[in-house]
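Have a look at the structure below before the remarks.
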Amino acid sequence: MIVIIGNGISGVTAARHIRKNSDEEITIISAESKYFFSRTALMYVYMGHMKFEHTQPYEPHFWEKNRINLVQDFVLKIDAENHKLVTKSGQDITYDKLILATGSKPNKFGWKGQDADGVRGMYSKQDLEYIESYSKDLKTAVIIGGGLIGIEMAEMFLSRNINVEFLIREECFWNGVLPDADSRFIMRHLEKHHGLNMRYKDELDEILTDSNEKVIAIRTKNGEEIKCEFVGLTAGVSPNIEFVKESGIDCQRGIIINQYFETSAKDVYAIGDCAQFSEPLSGRRPIEQVWYTGKIMGEQLAQTLTGNKTAYNPGYWFNSAKFMDIEYQTYGTVLNKLQEGQEEFVYEHPTEEILLHFVFEKESRKFIGINNFGLRMRHPVFNNWLLNEATIDEVLKDLKTANFDPEFYSKYEDEIVSQFNQKFGTTITANKTKWWQQLTKA
Ligand SMILES: Cc1cc2nc3c(=O)[nH]c(=O)nc-3n(C[C@H](O)[C@H](O)[C@H](O)COP(=O)(O)OP(=O)(O)OC[C@H]3O[C@@H](n4cnc5c(N)ncnc54)[C@H](O)[C@@H]3O)c2cc1C
């Protein structure tokens with residue numbers, strides 16, 4: 001019997017792929033919800049674009065049909081020696097192999113008032129319900145920490161005309177990840193939103209409450225007091241692993257694993273947001289807290305558990321998100337600071353909100369990565385360029401093939417190439433071939 005703790009993208013992908021290749025009994029235990037749902041879509045439920053049921057990619061009968069048992073319970077302890085779990089409801093669950101896919105939780109840094117009524121992160125279905133229950137008479141919400149989840153929370157509140165005060169420790173938005181030019185571009189975009197008040201270079205000092213422990217205001221490190229009825233904690237997430245630590249399995253920030261997702265305990269594996277590679281792959285972080293890497297880890301562990309031992313191989317880094325109205329994608333490696341031996345080219349459209357940030361190797365001209373904002377690009381095309389070590393010149397020449405909507409957007413590429421030529425003294429000419437013509441040729 002294979003038992004999986006956590007029914008997020010990592011755990012569910014592992015279960016689905018194990019089932020594809022084997023008849024082993026599979027049980028998924030999760031405390032949050034009976035059925036798998038898309039965490040990334042929670043904000044759209046709040047904003048009224050979809051109902052919660054629509055975030056569930058599989059119908060309830062899928063699980064029975066695929067013989068995947070679902071248990072809604074909270075695991076308190078792993079008895080790794082006896083291959084047993086202790087759960088809150090008291091049921092006895094034993095396993096042959098155990099997969100830990102327990103995800104993350106919002107960070108709390110010991111602020112005074114952080115557990116008061118009206119203070120919450122935005123991670124789980126329960127968080128969403130809590131925020132919903134608070135929203136009715138809400139006039140002002142303060143959001144602590146500017147990242148992707150913070151910006152989603154801000155968008156949620158603005159959609160209901162709730163004022164948002166956004167507190168960001170850094171000088172620029174998400175500057176720990178984005179280079180300066182990109183970060184300032186997003187800052188300019190955020191300034192346009194009515195009701196959104198960005199406060200950079202300031203931090204939460206304490207949350208002030210009334211006699212019922214209900215939030216009434218916050219005080220910042222700069223000494224300012226901001227009246228509010230809700231405080232959103234979005235200063236990052238960390239692996240949700242308390243009970244794993246207490247069970248004696250090796251953990252640091254996350255559950256320590258090797259390239260085969262093996263933990264320090266026999267027959268126990270960890271994948272997704274909760275896992276920390278003891279030796280990360282070159283250029284990658286030890287903990288990867290994004291949707292697609294959780295999915296890949298689930299698929300690759302399933303291979304190993306069904307007889308085809310497979311080491312973690314996620315391909316090139318990519319990610320996508322939205323900053324209010326601006327779509328963001330990143331392919332390859334664009335760090336917030338240019339590394340030695342690298343060169344960059346930033347294109348910003350003079351009137352439309354479009355920015356492309358290319359990074360390449362100065363000597364070899366090998367293309368390393370791109371951040372693109374406001375112009376959607378095709379993942380397979382960039383993946384191919386990265387795999388084949390294309391040069392920046394080749395990428396720019398064929399940039400149109402990467403454009404998601406070439407008919408609509410094709411006006412941009414000539415200008416991008418022309419600016420590049422001007423800056424680097426090159427004579428690249430943009431290829432006029434449309435992407436579907438290239439496919440036909442191939
Ligand atoms: C609001 C929001 C927006 C996001 N947007 C994006 C995005 O646009 N792009 C992107 O790449 N990523 C995004 N992410 C991150 C992405 O959702 C996560 O990386 C991914 O969901 C992690 O999946 P997981 O399966 O590892 O864990 P999770 O989805 O966290 O699932 C873990 C499950 O395990 C359960 N569990 C934990 N401990 C126990 C226990 N002891 N007993 C029983 N059950 C337990 C939890 O309750 C949870 O249901 C977003 C995250 C949030 C919160």
Side-chain angles (χ1 to χ4, degrees), residues 3-16 27-47 55 57 70-78 85-89 91 93 98-107 120-128 131 143 147-156 177 232-234 236-247 249 254-255 257 261 269-276 285 287-299 301 314 317-323 327-330:
V3 174
I4 301 169
I5 307 178
N7 69 350
I9 183 66
S10 317
V12 161
T13 307
R16 282 179 43 238
T27 294
I28 306 182
I29 310 171
S30 211
E32 183 179 5
S33 61
K34 182 166 180 193
Y35 299 115
F36 166 54
F37 68 92
S38 169
R39 198 170 291 294
T40 57
L42 283 179
M43 67 181 290
Y44 300 109
V45 175
Y46 182 92
M47 289 163 68
T55 67
L70 302 180
V71 174
Q72 196 169 357
D73 202 345
F74 188 81
V75 179
L76 297 169
K77 196 171 183 295
I78 302 160
L85 302 178
V86 179
T87 71
K88 195 169 173 188
S89 75
Q91 53 184 319
I93 299 181
L98 176 67
I99 302 176
L100 305 173
T102 58
S104 301
K105 58 179 183 349
N107 282 334
R120 194 85 174 202
M122 161 74 191
Y123 191 87
S124 63
K125 177 172 186 270
Q126 288 72 24
D127 291 339
L128 183 79
I131 295 170
I143 298 178
L148 293 178
I149 298 178
I151 208 75
E152 287 193 359
M153 199 190 250
E155 192 173 351
M156 285 160 55
V177 176
L233 301 181
T234 63
V237 295
S238 37
N240 188 7
I241 55 166
E242 283 323 306
F243 78 104
V244 184
K245 270 187 195 165
E246 285 160 16
S247 304
I249 294 173
I255 305 164
I257 53 166
F261 314 104
Y269 303 81
I271 52 175
D273 276 28
C274 67
Q276 176 179 348
R285 290 164 195 258
I287 304 180
E288 298 189 321
Q289 290 158 315
V290 288
W291 184 266
Y292 90 96
T293 51
K295 191 161 182 269
I296 292 174
M297 290 187 210
E299 277 169 23
L301 174 58
W317 176 256
F318 79 89
N319 199 6
S320 67
K322 255 183 95 196
F323 297 96
E327 281 194 46
Y328 154 71
Q329 293 166 300
T330 184

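Indexing begins at 1, ligand by ligand and atom by atom, following the structure's order. All values below come from the heavy atoms of this structure, side chains included, with hydrogens, waters and symmetry mates left out. Keep in mind the model is a prediction, meaning the values are calculated, not measured.
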Shortest heavy-atom approach to [atom] - which of [options]:
{"atom": "atom 35 (C) of ligand 1", "options": "Gly147, Ser124, Ser30", "answer": "Ser30"}
{"atom": "atom 41 (N) of ligand 1", "options": "Thr87, Val75, Thr40", "answer": "Val75"}
{"atom": "atom 3 (C) of ligand 1", "options": "Lys322, Lys295, Glu152", "answer": "Glu152"}

With a 3.5 Å distance limit and no angle check, can you tell me whether [X] reaches the backbone of [Y] through a side-chain donor-acceptor pair?
{"X": "Arg120", "Y": "Leu233", "value": "no"}
{"X": "Asn319", "Y": "Val290", "value": "no"}
{"X": "Glu246", "Y": "Lys77", "value": "no"}
{"X": "Ser30", "Y": "Asn7", "value": "yes"}
{"X": "Tyr292", "Y": "Phe318", "value": "yes"}

Output the distance between atom [atom1] ([X]) and atom [atom2] ([Y]), rounded to the nearest 0.5 Å.
{"X": "Leu98", "Y": "Tyr269", "atom1": "CG", "atom2": "OH", "result": "10.0 Å"}
{"X": "Ile28", "Y": "Tyr35", "atom1": "CD1", "atom2": "OH", "result": "12.0 Å"}
{"X": "Ile4", "Y": "Ile29", "atom1": "CD1", "atom2": "CD1", "result": "9.5 Å"}
{"X": "Lys322", "Y": "Glu327", "atom1": "NZ", "atom2": "CD", "result": "6.5 Å"}

Atom indices of ligand 1 within 4.0 angstrom of [X] heavy atoms, with elements:
{"X": "Ser320", "value": "8 (O), 9 (N)"}
{"X": "Asn240", "value": "37 (C), 38 (N)"}
{"X": "Ser10", "value": "23 (O), 24 (P), 25 (O), 26 (O)"}
{"X": "Gly8", "value": "25 (O), 29 (O), 31 (O)"}
{"X": "Ala31", "value": "43 (C), 44 (N)"}

Does any N or O of ligand 1 fall below 3.5 Å from an N or O anywhere on [X], backbone included?
{"X": "Gly272", "result": "no"}
{"X": "Ile9", "result": "yes"}
{"X": "Tyr123", "result": "yes"}

Please classify the [X] to ligand 1 contact at 4.0 Å (heavy-atom distances, strictly less than): side chain, backbone, both or neither.
{"X": "Ala101", "answer": "backbone"}
{"X": "Ser104", "answer": "backbone"}
{"X": "Leu76", "answer": "neither"}
{"X": "Asp273", "answer": "both"}
{"X": "Phe243", "answer": "side chain"}

What residue and atom, counting heavy atoms only, is the protein's closest point to [atom], and at what distance?
{"atom": "atom 33 (C) of ligand 1", "value": "Gly6 CA, 3.7 Å"}
{"atom": "atom 27 (O) of ligand 1", "value": "Gly103 CA, 3.1 Å"}
{"atom": "atom 15 (C) of ligand 1", "value": "Gln289 O, 4.0 Å"}
{"atom": "atom 49 (O) of ligand 1", "value": "Glu32 OE1, 2.5 Å"}
{"atom": "atom 12 (N) of ligand 1", "value": "Trp291 N, 3.5 Å"}
{"atom": "atom 29 (O) of ligand 1", "value": "Arg39 NE, 2.9 Å"}

So, 4.0 Å and heavy atoms of [X]: is ligand 1 close enough to count as a contact?
{"X": "Asp73", "value": "yes"}
{"X": "Leu148", "value": "no"}
{"X": "Ile149", "value": "yes"}

Polar side chain donor-acceptor pair, [X] to [Y], under 3.5 angstrom:
{"X": "Asn240", "Y": "Thr102", "answer": "no"}
{"X": "Asn107", "Y": "Ser238", "answer": "yes"}
{"X": "Asp73", "Y": "Gln91", "answer": "yes"}

Legend entry - For the student: nearest non-hydrogen atoms of Ser33 and Lys125, plus distance: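 Between these two residues, the closest heavy atoms are CB-CD, 4.2 Å.
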
Inset, instruction - Decide yes or no for Leu128 and Met122: does some side-chain heavy atom of the first lie under 4.5 Å from some side-chain heavy atom of the second? - result: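 Answer yes - side chains close enough.
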
Legend entry - Test applied, side chain to side chain contact (heavy atoms under 4.5 Å, CB included); reference residue, Thr87; option that passes from Ile5, Ile93, Val71: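 That would be Ile93.
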
